[in-house]
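Since the structure is predicted, the reported quantities are computational estimates derived from the model, not experimental observations. So that the names make sense, note that chain A is the first sequence line, chain B the second, and so on, each numbered from 1.
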Amino acid sequence: MDKKLVLIDGNSIAYRAFFALPLLNNDKGIHTNAIYGFTTMLQKILEEERPTHILVAFDAGKTTFRHSTYKEYKGGRQKTPPELSEQFPYIRELLDAYGIARYEIENYEADDIIGTLSLTAEKDGYEVKVISGDKDLTQLSSDKTTVCITKKGITDTEVYTPKHIEEKWGITPNRIIDMKGLMGDSSDNIPGVPGVGEKTAIKLLKQFQTIENLLESIDEVSGKKLQEKLEENKQQAIMSKELATILREAPVDVKLDEIEYKENDQNKLKELFKELGFNSLLEKMGEGVEEEQQELQEITYEILDKLEREHFADQNSLFIEILEDNYHLAEIIGMSLHNENGTYYFSLETALNSPAFKEWAEDERASKNVFDSKLSVVSLNRHGIDLKGIEFDLLLASYILNPSDSGDDFASIARRHHQPAIQTDESVYGKGAKQKVPEEKIVAEHLARKAKSLYTLEKTCVEELKKNDQYELFTELELPLALILAEMEYTGVKVDTGRLKEMKTELAERLQEMEIKIHELAGESFNINSPKQLGVILFEKLELPVIKKTKTGYSTSADVLEKLQSKHEIIDYILRYRQLGKLQSTYLEGLLKVVHENTDKIHTRFNQALTQTGRLSSIDPNLQNIPIRLEEGRKIRQAFVPSHEGWVMFAADYSQIELRVLAHIANDEKLIDAFKNNLDIHTKTAMDVFGVSKDEVTSNMRRQAKAVNFGIVYGISDYGLSQSLGITRKEAGEFIKRYLESFPGVKEYMDEIVQDAKQKGFVTTLLHRRRYLPEITSRNFNLRSFAERTAMNTPIQGSAADIIKKAMIEMAERLKTENLQSKLLLQVHDELIFEAPKEEIEKLKEIVPEVMENALELKVPLKVDYSYGPTWYDAK
DNA sequence: GATCACGCGG
DNA sequence: CATACCCGCGTGATCT
């Protein structure tokens with residue numbers, strides 16, 4: 001078999017990995033990003049190259065023989081960050097576990113080890129691959145040796161063969177040292193010849209081949225200035241070349257047959273991966289799942305076929321299992337109960353046939369602890385059981401403690417709180433098409449574990465909530481809200497399916513016509529819905545200018561198409577086709593698919609434990625993104641109607657809630673004044689930013705000011721604003737500067753919140769919701785910037801979410817105490833939608849704004865607008 | 001089944 | 001050296 005040697009520049013790859021990846025932490029607080037990157041790169045090389053021999057070379061000490069030539073060598077380099085240094089021992093351990101040789105020699109660099117070994121190997125007839133992040137190594141390239149230099153990422157490399165080098169620079173690999181000698185290398189602090197860069201160096205080498213030749217005939221060089229420079233720096237050029245030259249006869253005392261790659265030590269690797277928390281890699285090794293099963297502890301429980309009063313106690317945890325995620329449709333597959341008397345499993349049928357169950361479930365005073373109260377309430381409600389007395393909800397508690405722990409999987413929550421292991425639902429039930437209910441015993445045991453875990457977790461979580469000053473957020477806000485959401489979902493929204501079908505038929509016809517027209521204009525038939533095919537038509541066939549690219553091809557997004565509008569007639573048709581196609585597929589067809597047959601109602605599910613800011617989200621269908629901005633889409637809302645004859649849809653929304661929240665938390669005097677005086681905030685912003693009087697504000701100025709206000713709320717960047725206004729980044733930056741000068745309180749807030757987040761590691765909302773931002777200290781510009789913007793935005797968006805949630809709770813209470821029939825149906829972030837009997841309209845006009853505006857007292861008034869009509873469309 | 005581009009909402 | 005404002009969900013195309 002052919003012999004293949006892979007030589008890896010260990011330091012260089014570790015550095016690359018460290019800077020390319022976010023600063024990952026494992027559960028012991030060790031940083032692991034460089035180790036992880038190094039590992040994935042190794043895996044890839046082992047798989048793709050299948051080397052027979054392999055070695056990783058490291059730099060040894062601080063100084064090398066090069067320092068005796070030039071003591072400034074590698075001077076001015078940043079010290080290795082401690083977060084990286086601490087990872088090197090693990091990388092060594094990792095290599096040992098892989099059974100990969102590693103090597104370093106005092107006084108020499110990894111480069112020299114690689115240079116020496118590659119030469120030896122070439123002579124022995126090996127094929128050699130060198131892997132590094134340092135382009136210096138390309139000088140080793142030959143017909144037997146290929147050099148791979150990592151690109152942006154770590155697993156992506158650029159391959160340097162002599163041919164490639166010739167094409168790229170027009171020189172042979174052995175002239176790279178001359179090139180370096182002339183142009184220098186700032187990263188290694190090699191001086192070179194001042195004023196000579198890559199272009200000049202290559203030009204000179206093409207003429208003279210080597211530095212030595214060149215220096216002998218400096219007078220033949222064109223350009224007086226250049227001649228002088230070369231003359232002045234003769235010695236420096238020769239020294240630089242020497243510094244850049246990789247030694248090919250370093251005192252390397254490893255023989256090639258000692259670095260043969262045989263196999264890794266599976267056990268050692270697994271142990272190491274486990275310690276580091278590399279679960280994805282463990283899984284690749286067929287671990288992980290099996291691992292968890294091993295740790296399962298014995299549990300004693302009873303399968304009941306009749307529930308009696310004595311099965312219940314003062315404190316109980318109740319777990320309800322549903323397989324498919326839509327609990328409005330799917331059936332309960334089993335339930336479990338744990339309390340001081342024991343752990344029990346029972347089927348839905350058993351529960352329904354036991355009067356004691358219903359009696360207990362509906363008893364307000366019987367305390368229950370559940371995993372997902374909304375699911376529990378709705379799923380039992382469908383069987384005529386009105387679940388009451390819920391005092392704890394693990395899903396919500398866990399979400400409040402840390403919204404980024406996505407959470408819907410019980411096993412992961414249990415693990416996070418150091419509970420005895422529970423199998424993942426996926427491992428018990430399977431997933432996707434293969435999902436099924438296993439035999440009862442298996443389900444029973446799984447659920448028994450959950451109920452038991454739930455029972456003990458209440459205490460842990462409550463303690464933690466109290467410690468974080470979030471207990472009130474849990475008991476007074478999220479938990480009561482869950483019950484309100486349950487009712488909203490269960491009530492559902494009535495839909496005029498006839499109207500939807502009518503619109504669908506009409507649209508189908510129009511789309512058909514437009515499709516023909518577009519194909520005609522394109523001169524061929526293609527799938528307009530395929531960005532890929534559309535890109536080919538527009539940018540290749542019709543040769544329209546390419547404005548933007550995505551990573552997979554041409555961008556055909558609306559903002560790109562709008563820029564092409566004047567260039568070709570087809571663009572308008574495509575934009576229109578897209579717009580109508582969206583309405584057709586997502587809204588008309590989409591909504592019709594989820595209407596319940598007998599009732600003509602839609603029952604969405606609000607996810608209360610998902611968003612990072614505290615907002616709700618809505619799925620199956622998403623009723624928080626029904627069109628409104630364009631008239632044609634807005635008409636969809638005509639199909640949302642009250643569920644009773646003679647009722648109306650009543651909608652109330654907060655005006656500028658996020659900017660009001662900003663005024664409050666930033667405590668910005670000018671912004672507070674503006675809201676107190678009920679000014680048009682965008683006009684006011686325009687006045688301040690542009691320094692004009694109210695009458696001088698043009699509509700364009702107001703539009704720009706509005707975009708700035710949006711940007712401020714989002715955690716502004718000059719890029720983002722420039723995109724939304726179609727101006728240059730510089731101009732956008734100027735706007736932002738002027739805004740922050742106009743509203744100094746806002747500027748102070750933005751600066752302080754970022755500092756605060758860096759120090760604490762999280763930001764909070766008015767009602768103590770938290771969002772952790774570990775990446776705010778990252779060295780990676782993107783990650784850090786993102787975290788900084790998030791730090792600015794989350795308290796604003798999250799506090800607004802807190803406010804409307806509080807309003808919902810008070811609104812529900814108010815409807816009850818006032819004995820009203822009106823029902824809350826939907827929440828759309830800053831808006832509440834009710835259905836109401838006509839007779840109650842006057843009452844709602846009074847109490848809805850009152851409740852919403854007084855949900856929380858801020859330094860500025862909250863303002864609510866409302867409206868009503870026979871359909872949601874008319875409530876505008 | 002997963003991922004991407006795109007577009008709808010606040 | 002390129003990056004690229006917040007928070008979401010659903011669709012169709014495409015690749016595996």
Under 4.0 angstrom, heavy atoms only, what part of the nucleic acid is [X] near: base, sugar-phosphate, or nothing?
X         : value
Ala558(A) : sugar-phosphate
Ile619(A) : sugar-phosphate
Thr794(A) : nothing
Ile626(A) : sugar-phosphate
Arg771(A) : sugar-phosphate
Ser618(A) : sugar-phosphate
Phe710(A) : nothing
Asn625(A) : base
Ile796(A) : nothing
Ser617(A) : sugar-phosphate
Val713(A) : nothing
Asp718(A) : nothing
Gln723(A) : nothing
Asn607(A) : nothing

Of the listed nucleotides [options], the one nearest the side chain of [X]:
X         : options                   : value
Gln797(A) : dC7(C), dT3(C), dT11(C)   : dC7(C)
Asn529(A) : dG9(B), dC9(C), dA13(C)   : dA13(C)
Tyr587(A) : dG7(B), dC7(C), dC8(B)    : dC8(B)
Ala433(A) : dC7(C), dG1(B), dT14(C)   : dG1(B)
Ser530(A) : dA13(C), dC8(B), dG7(B)   : dA13(C)
Pro531(A) : dC15(C), dA5(B), dC9(C)   : dA5(B)
Asp620(A) : dA2(B), dG10(C), dT14(C)  : dG10(C)
Val828(A) : dT14(C), dG10(B), dG10(C) : dG10(B)
Thr611(A) : dC7(C), dT3(C), dG7(B)    : dC7(C)
Thr790(A) : dC7(C), dC9(C), dG10(B)   : dC7(C)

Exercise. Can you check whether Tyr714(A) stacks with the dC6(C) base, using ring centres under 5.5 Å and planes within 30°?
Worked result: yes

Look at [X] and [N] and indicate whether a side-chain polar atom (N or O) is within less than 4.0 Å of OP1 or OP2.
X         : N       : result
Asn527(A) : dA13(C) : yes
Thr556(A) : dC6(B)  : yes
Thr552(A) : dA5(B)  : yes
Lys434(A) : dG1(B)  : no
Thr550(A) : dA5(B)  : yes
Arg789(A) : dA4(C)  : no

Exercise. Using atom P of each nucleotide, how far apart are dA2(C) and dG7(B) to the nearest Å?
Worked result: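 Between the two P atoms, the distance is 27 Å.
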
Problem set entry | Distance, P atom - from dC5(C) to dG10(B), rounded to whole angstrom | 23 Å

Exercise. In residues 655-664 of chain A, what residues come within less than 4.0 Å of DNA chain B, judged by heavy atoms?
Worked result: none

Problem set entry | Glu589(A) or Ala707(A), whichever maps to the more 5' nucleotide of DNA chain C |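 On the 5' side of the pair lies Ala707(A).
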
Please determine whether the number of non-hydrogen atoms from other residues, nucleotides or ligands lying under 6.0 Å from atom [atom1] of [X] exceeds 12.
X         : atom1 : answer
Lys601(A) : NZ    : yes
Lys758(A) : NZ    : yes
Gln512(A) : CD    : no

Calculate the interatomic distance between [X] atom [atom1] and [N] atom [atom2]; express it in whole Å.
X         : N       : atom1 : atom2 : value
Phe640(A) : dG9(B)  : CZ    : C1'   : 12 Å
Asp830(A) : dG9(B)  : CG    : C1'   : 10 Å
Tyr719(A) : dA4(C)  : OH    : P     : 8 Å
Trp872(A) : dG10(B) : CH2   : C1'   : 12 Å
Gln533(A) : dC6(B)  : CD    : P     : 14 Å
Tyr554(A) : dT14(C) : OH    : C1'   : 17 Å
Tyr577(A) : dC6(B)  : OH    : C1'   : 14 Å
Lys551(A) : dC15(C) : NZ    : P     : 15 Å

Donor-acceptor pair present, [X] side chain and [N] base, under 3.5 Å:
X         : N       : answer
Ser555(A) : dC6(B)  : no
Gln612(A) : dC7(C)  : no
Arg629(A) : dG10(B) : yes

Donor-acceptor pair between [X] and [Y] side chains, under 3.5 angstrom:
X         : Y         : result
Ser12(A)  : Ser132(A) : yes
Thr871(A) : Arg499(A) : no
Glu478(A) : Tyr399(A) : no

Exercise. Mind checking whether Phe710(A) and His682(A) have parallel, tilted or perpendicular rings, split at 30° and 60°?
Worked result: parallel

Exercise. Phe650(A) vs Tyr866(A) aromatic rings, parallel, tilted or perpendicular, using cut-offs 30° and 60°?
Worked result: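 Ring orientation, 0 to 90° scale: parallel.
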
For this session: Dump the intermediate steps for side-chain contact (heavy atoms from CB on, under 4.5 Å) on Leu477(A) and Leu481(A), then the final yes or no.
Result: CA-CA 6 Å; Leu477(A) 199 83; Leu481(A) 180 69; 5.6 Å; no

For this session: Check whether any side-chain heavy atom of Met514(A) sits under 4.5 Å from a side-chain heavy atom of Ile528(A), and report yes or no.
Result: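 No. Closest side-chain heavy atoms not under 4.5 Å.
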
For this session: Going by the side-chain contact (heavy atoms from CB on, under 4.5 Å) test, name the single residue among Ile574(A), Val560(A), Val546(A) that passes it with Leu538(A).
Result: Ile574(A)

Exercise. Would you say Arg605(A)'s side chain and Ile619(A)'s backbone share a donor-acceptor pair under 3.5 angstrom?
Worked result: no

